[in-house]
Amino acid sequence: MILATWNINGIRARLDYILDWLAARKPDVVGLQELKAEEKNFPFEAFRQAGYSAVIHGQKAWNGVAVLSRGACEVLQAGLPGTSPAGARMLAVDTGGINFLSLYCPNGKSIEHPDFRSKLSWFDQLAVFLESGDRIDKDRTVIVGDFNICPEPIDSWNEELLAGTIFHTGEERQRLERIIKIGFEDLYRQLNPDTRMFSWWDYRGGAFYKNQGLRIDLLLASDLIASRVTEVYTDRDFRKKRDGRTPSDHAPVIAVLE
DNA sequence: ATGGCAGAGATTCTCTGA
């Protein structure tokens with residue numbers, strides 16, 4: 001079974017690129033983020049023809065999350081309770097016996113900006129939701145998405161330069177740690193304890209070819225599911241321009257389960 | 001090489017992203 005997460009930076013601008021990726025990697029369940037579209041503009045039919053059902057929680061212009069699955073999806077929760085002003089950033093479904101969450105966590109802009117405090121609150125609400133056990137069976141849950149936090153110094157291209165700035169603060173890292181302590185594993189780090197590999201590179205300044213990136217796109221899984229994982233990798237080829245098609249600034253991250 | 005921002009929305013410019 002192949003699970004994946006991908007911030008695709010605009011579903012309408014990226015559709016052909018995503019279809020190429022689905023054909024190449026054949027994932028079973030995919031969490032998508034940053035749809036930048038309402039449900040009425042989501043290309044359900046193109047995904048159906050590619051063999052995927054889709055459920056989405058969208059909004060106009062910004063944010064938006066979806067789950068693609070080869071099997072049927074039952075929506076467990078659309079939107080994180082208590083956070084509606086922050087936008088469409090969470091969708092939980094049951095598919096293939098797994099509770100699968102696609103998250104687009106708030107960015108926060110900078111530590112001085114009001115959005116930074118909102119970001120921390122959003123993570124607090126997420127922890128409350130997960131700890132409550134309402135709607136979600138924690139023992140068979142996978143949480144994927146763009147967390148907009150560098151978990152550890154190894155996950156940044158330049159911790160020395162960026163320590164204490166957005167994505168690199170103790171307050172953010174404590175929030176992520178609280179989520180993980182509920183009972184999840186960071187699948188990439190579990191299988192690759194010492195590897196520096198990123199999932200996002202800025203479009204600007206040649207950041208991709210200079211490998212100035214961050215690992216902010218994560219797959220978390222309950223211990224039971226984590227024990228079945230055999231391989232986790234960033235699909236770096238799909239951060240490159242392909243056949244003249246523009247990539248997202250994030251690469252897909254893929255986990256293989258036996 | 002992977003090449004030097006990009007997408008959406010309201011109007012040729014602003015806002016946002018990480």
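What's counted below: heavy atoms across the whole structure, side chains too, no hydrogens, waters or symmetry copies. First the proteins, then the strands, lettered A, B, ... as listed; each starts at 1. Predicted, not measured: the structure shown is a model, and the values here were computed from it.
Between B:dT16 and B:dT11, the two P atoms lie 16 Å apart (nearest whole Å). Annotation: B:dT12 and B:dG7 have their C1' atoms spaced 16 Å apart (nearest Å). With C1' as the reference atom, B:dC15 and B:dA10 are 11 Å apart, rounded to whole Å.
One can place CD of A:Glu34 at 18 Å from P of B:dC15, the figure rounded to the nearest angstrom. With rounding to whole Å, A:Trp200 atom CH2 is found 8 Å from B:dG17 atom C1'. Remark: C1' of B:dT16 and CG of A:Leu35 are 16 Å apart, rounded to the nearest angstrom. As rounded to whole Å, 15 Å separates atom P of B:dG17 from atom CD1 of A:Ile8. Rounded to whole Å, atom P of B:dA8 lies 13 Å from atom CG of A:Asn63. When the P atom of B:dA1 is taken as reference, atom CZ of A:Arg242 falls 16 Å away, rounded to whole Å. Atom pair A:His113:NE2 and B:dG17:C1' shows a separation of 12 Å (rounding to whole Å applied). Computed from coordinates, the A:Arg245 CZ to B:dG7 P distance equals 13 Å when rounded to whole Å.
Across all strands, A:Asn211 comes closer than 4.0 Å to no nucleic acid atom at all (heavy-atom distances). Backbone-only contact: A:Asp146 has heavy atoms under 4.0 Å from sugar-phosphate atoms and none from a base. Residue A:Tyr104 is classed as a sugar-phosphate contact, given heavy-atom separations below 4.0 Å to backbone atoms only. Within the nucleic acid shown, A:Asp202 has no heavy atom closer than 4.0 Å to any nucleic acid atom. Using a 4.0 Å heavy-atom distance criterion, A:His250 is classed as a sugar-phosphate-only contact. Among the heavy atoms of the strands lying under 4.0 Å from A:Lys60 are primed sugar atoms or P, OP1, OP2 only; no base atom is included. Backbone-only engagement by A:Arg12 is indicated by non-hydrogen atom pairs under 4.0 Å involving sugar-phosphate atoms exclusively. The residue A:Trp62 sits close to a base: some heavy atom pair falls under 4.0 Å.
Of the two residues contacting DNA chain B, namely A:Asp115 and A:Arg14, the nearest-nucleotide position lying further toward the 5' end is that of A:Arg14. Checking A:Gly205 against A:Arg239, the closest nucleotide of DNA chain B that is more toward the 5' end is the one next to A:Arg239.
A side-chain donor-acceptor contact under 3.5 Å links A:Arg70 and A:Tyr52. Judged purely by distance below 3.5 Å, without hydrogens or angles, the side chains of A:Lys36 and A:Asn9 pair a donor atom with an acceptor atom. A:Asp146 and A:Gln33 share no donor-acceptor pair across their side chains, judged by distance under 3.5 Å alone.
For B:dT16, neither phosphate oxygen OP1 nor OP2 lies less than 4.0 angstrom from any side-chain nitrogen or oxygen of A:Lys109.
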Which protein N or O atoms sit under 3.5 Å from an N or O of nucleotides 12-14 of chain B?
none

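Applying the under-4.5 Å side-chain rule to Ile, Leu, Val, Met, Phe, Trp and Tyr, the cluster around A:Val55 extends to A:Met1, A:Leu3, A:Val29, A:Val65, A:Val67, A:Val75, A:Leu91, A:Val93, A:Ile98, A:Phe100, A:Tyr104, A:Val142, A:Val144, A:Leu187, A:Tyr188, A:Leu191, A:Met197, A:Leu219, A:Ile225, A:Val229, A:Val232, A:Val253, A:Leu257.
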- Go through A:Arg48 and A:Glu45 one step at a time and tell me if the salt bridge (charged side-chain N to carboxylate O under 4.0 Å, His left out) criterion holds. CA-CA 5 Å; A:Arg48 193 193 63 75; A:Glu45 180 57 22; 2.8 Å; yes
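Counting heavy-atom neighbours within 6.0 Å of A:Gln49 CD, excluding the residue itself, gives a total above 12.
Taking the six-membered ring where the residue is Trp, the centroids of A:Trp157 and A:Trp201 are separated by 6.0 Å or more.
Picking from B:dG7, B:dG17, B:dA1 the nucleotide with the shortest atom distance to the side chain of A:Lys36 gives B:dG7. Distance from the side chain of A:Arg204 is smallest for B:dC5 among the nucleotides B:dA6, B:dC5, B:dT2.
With respect to A:Arg242 and A:Asp20, no salt bridge is recorded, no charged nitrogen being found less than 4.0 Å from a carboxylate O.
In this view, A:Trp122 satisfies the side chain to side chain donor-acceptor pair (under 3.5 Å) rule with no residue, not counting sequence neighbours.
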